[in-house]
**Q** 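Dropping the structure in here first, questions after.
Numbered from 1 within each chain, the chains take letters A, B, ... in sequence-line order. Just so it is clear, the model here is predicted, and its values are computed rather than measured. Only heavy atoms go into these numbers, but all of them, side chains included; no hydrogens, no water, no symmetry mates.
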Number of protein chains: 2
Amino acid sequence: MPKTTFFNLPPAKREAIEKEAIREFAQNPFEHASLSRIVGRCGIAKGSMYQYFEDKLDLYLYIVELAYAEKRRYVRRAFEIEGDIFEVLRAYYRQSLLFSQEHPDLHKVTRNFWESRAQHLHDTIGEVRGERASDFESFLRKAMTSGIVNSGLNPEAVFFAYHAVGKQLIDQFGETVDDKFLCQVLDVLKYGLMVRKGDARCEDD
Amino acid sequence: MPKTTFFNLPPAKREAIEKEAIREFAQNPFEHASLSRIVGRCGIAKGSMYQYFEDKLDLYLYIVELAYAEKRRYVRRAFEIEGDIFEVLRAYYRQSLLFSQEHPDLHKVTRNFWESRAQHLHDTIGEVRGERASDFESFLRKAMTSGIVNSGLNPEAVFFAYHAVGKQLIDQFGETVDDKFLCQVLDVLKYGLMVRKGDARCEDD
DNA sequence: TGCCGATGTGACTGGGTAGTCACATTAGGG
DNA sequence: CCCTAATGTGACTACCCAGTCACATCGGCA
């Protein structure tokens with residue numbers, strides 16, 4: 001957590017520090033990000049940074065939390081819509097896409113955080129993933145009992161598949177993924193690959 | 001490419017270098033891996049390394065190629081089996097799992113390589129992914145025309161989903177993924193989540 | 001044995017990093 | 001206006017790294 005000094009700063013200065021830190025952690029994973037570069041770009045002294053934050057990790061976790069707080073503002077809306085689980089999930093990833101478009105640097109911060117293999121971060125990541133998994137799985141079980149989702153599936157496996165695809169979609173936002181492609185990929189999870197009884201099928205091409 | 005000096009080395013020494021380099025690149029992504037640590041652990045001089053390899057990247061690419069060469073020996077078998085696309089895909093990921101169990105360090109090398117965001121590696125990764133994509137997509141189109149796979153799907157989207165799930169499965173090999181779970185996850189992609197016409201469904205639980 | 005090219009060496013260069021600390025500056029209350 | 005506490009500073013320490021190079025050693029051939 002930042003020291004109180006940081007929050008006493010004139011907002012313009014505080015925001016300048018946040019902005020440059022976001023830029024740095026968007027461009028580099030934690031290990032490779034450089035405090036010296038951040039202070040250099042802000043035009044403040046190295047020592048000042050240590051008036052505001054305990055250390056590099058403290059700053060990093062603050063920035064990561066900033067990024068996730070903003071992201072939550074987007075994805076939250078997905079759970080307010082009316083509709084079945086598929087519509088909610090589509091809305092969720094659409095909101096993620098929108099977030100990545102409107103806040104590309106914050107998006108890169110979350111992406112770098114998620115990829116991080118450092119031990120001190122690994123535990124935090126594990127917790128976040130665990131929470132999401134149990135939320136998702138209870139949501140899924142409801143959809144199973146109400147007969148929308150095939151109840152023969154293992155909810156853990158379903159979460160795994162959605163999480164994997166969602167992670168990759170989010171990784172590629174802004175590169176190869178747009179709204180249409182997003183929906184097509186989600187449809188693969190929804191319908192599966194195998195032909196369905198009663199599916200219309202081209203007989204001759 | 002290593003210099004000829006490297007291949008003239010007595011096999012025991014050459015293998016010792018490979019072994020320590022594999023360990024280092026399994027534990028650290030390229031940027032963070034340390035030549036000094038490798039030579040320290042091999043008990044050879046820093047300068048000697050530069051008799052064998054052009055630079056750190058040269059050594060790295062050699063090790064990555066070693067890892068993929070071994071991995072190819074495993075996954076190749078998947079394409080020799082008889083069966084539809086789903087059986088081939090299941091065999092493919094099973095072979096990947098086997099590889100990760102029998103060569104955990106080589107597996108970690110490939111994983112770190114794949115995650116790498118460095119520019120000079122990014123292009124190589126892009127090529128590899130592109131090749132896999134086109135192989136997969138032509139394989140998929142065949143399965144579509146022969147009526148095994150729903151031809152209404154976008155092959156690119158299907159590849160995307162499989163690739164994402166496969167990547168995540170491989171990431172988690174040895175942590176939470178075993179053979180049973182692997183099959184359950186692949187079934188999500190095969191059948192999809194939505195209930196199918198004619199699916200048996202529990203009426204009261 | 002003597003020679004020479006191939007191979008081995010580790011101190012060194014130049015560069016980067018996080019974090020520290022003695023000192024300088026500022027701001028606000030008395 | 002002055003004093004004190006809070007805040008700002010940047011040179012500095014201690015560490016890490018890739019890559020170099022003048023020199024040492026080895027191995028095979030004459």
**Q** Mind listing the residues from residues 57-64 of chain B sitting with a heavy atom below 4.0 Å of DNA chain C? Number order is fine.
**A**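 Correct list: empty, so none.
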**Q** Between A:Arg90 and A:Glu87, is there a side-chain N and carboxylate O pair less than 4.0 Å apart?
**A**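 Answer for the salt bridge query: no.
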**Q** Parallel under 30°, tilted from 30 to 60°, perpendicular over 60°: which one fits the rings of B:Phe99 and B:His107?
**A**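 Perpendicular: the ring planes of B:Phe99 and B:His107 meet at over 60°.
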**Q** For B:Met49 and for A:Lys56, locate the closest nucleotide of DNA chain C by heavy-atom distance; then report the residue assigned to the nucleotide nearer the 5' terminus.
**A**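 Per heavy-atom nearest nucleotide, the more 5' residue is B:Met49.
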**Q** If you assign B:Ile44 and A:Ser48 each to the DNA chain C nucleotide with the nearest heavy atom, which residue ends up on the more 5' nucleotide?
**A**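 Counting from the 5' end, the first nearest nucleotide belongs to B:Ile44.
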**Q** Give every residue pair that meets the side chain to side chain donor-acceptor pair (under 3.5 Å) criterion with at least one member in residues 20-41 of chain A, sequence neighbours excluded.
**A**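 For residues 20-41 of chain A, and leaving out neighbouring residues, the side chain to side chain donor-acceptor pair (under 3.5 Å) pairs sorted by first residue read A:Glu20-A:Arg23, A:Glu24-A:Arg37, A:Glu24-A:Arg41, A:Asn28-A:His32, A:Ser36-A:Lys46.
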**Q** Only counting residues at least two apart or in another chain, list the ones meeting side-chain contact (heavy atoms from CB on, under 4.5 Å) with A:Gln172.
**A**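 side-chain contact (heavy atoms from CB on, under 4.5 Å) list for A:Gln172, sorted by chain: A:Gln168, A:Thr176, A:Val177, B:Phe160.
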**Q** Applying side-chain contact (heavy atoms from CB on, under 4.5 Å), name anything that partners B:Leu61, two or more places apart in sequence or on another chain.
**A**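 Per chain and number, B:Leu61 pairs via side-chain contact (heavy atoms from CB on, under 4.5 Å) with B:Leu57, B:Leu121.
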**Q** Tell me which residues in residues 27-39 of chain B lie within less than 4.0 Å of DNA chain D, going by non-hydrogen atoms.
**A**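 Only B:Ala33, B:Ser34, B:Leu35, B:Ser36, B:Arg37 qualify.
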**Q** Dump the intermediate steps for ring pair (Phe, Tyr, Trp, His ring centres under 6.0 Å) on A:His163 and A:Trp114, then the final yes or no.
**A** CA-CA 12 Å; A:His163 188 263; A:Trp114 201 260; 5.6 Å; yes
**Q** Residues two or more places apart in sequence or in another chain: which of them pass side-chain hydrogen bond (donor to acceptor under 3.5 Å, both in side chains) with A:Glu102?
**A**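 With sequence neighbours excluded, A:Glu102 shows a side-chain hydrogen bond (donor to acceptor under 3.5 Å, both in side chains) to A:Tyr74, given in chain and number order.
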**Q** Does B:Arg77 have any side-chain hydrogen bond (donor to acceptor under 3.5 Å, both in side chains) partners at least two apart in sequence or in another chain, and if so, which?
**A**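 None.
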**Q** With a distance cut-off below 6.0 Å to the six-membered ring centre and an angular limit of 45° from the axis, does B:Lys56 pair with B:Phe30 as a cation-pi contact?
**A**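 So B:Lys56 does make the cation-pi contact.
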**Q** Should the ring pair A:Phe79 and A:Phe139 be called parallel, tilted or perpendicular, given that the plane angle runs from 0 to 90° and is split at 30 and 60?
**A**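 Rings of A:Phe79 and A:Phe139: perpendicular, over 60°.
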**Q** Does B:Phe86 have B:Lys190 sitting over its ring (NZ/CZ under 6.0 Å from centre, angle to axis within 45°)?
**A**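 Yes, a cation-pi geometry holds between B:Lys190 and B:Phe86.
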**Q** Going 5' to 3' along DNA chain D, which nucleotides are the first and last within contact of chain A (any atom under 4.0 Å from a heavy atom)?
**A**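 Endpoints of the contacted stretch of DNA chain D: D:dT7 to D:dG10.
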**Q** If you fit an axis to the five pairs at each end of the helix from C:dT1-D:dA30 to C:dG30-D:dC1, how big is the angle between those two axes, to 10 degrees?
**A**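 Here the helix ends are tilted 20° relative to one another.
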**Q** Does any residue of residues 4-19 of chain B have a heavy atom under 4.0 Å from DNA chain D, and if so, which ones, in number order?
**A**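 Residues of residues 4-19 of chain B under 4.0 Å from DNA chain D: none.
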**Q** Mind checking what makes side-chain contact (heavy atoms from CB on, under 4.5 Å) contact with B:Asn154, not counting sequence neighbours?
**A**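 side-chain contact (heavy atoms from CB on, under 4.5 Å) list for B:Asn154, sorted by chain: A:Phe181, A:Gln184, B:Glu156, B:Ala157.
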**Q** Looking at A:Lys46 and C:dG19, is any side-chain donor or acceptor paired with a base atom of the opposite kind under 3.5 Å?
**A**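 Looking at the base of C:dG19, it does pair with a donor or acceptor on the side chain of A:Lys46 (distance under 3.5 Å).
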**Q** Answer with base, sugar-phosphate or nothing: what part of the nucleic acid does B:Tyr52 contact at a heavy-atom distance below 4.0 Å?
**A**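 Here B:Tyr52 touches the backbone only, sparing every base.
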**Q** Under the side-chain hydrogen bond (donor to acceptor under 3.5 Å, both in side chains) test, which residues partner B:Glu18, sequence neighbours left out?
**A**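 Expected list: B:Tyr62.
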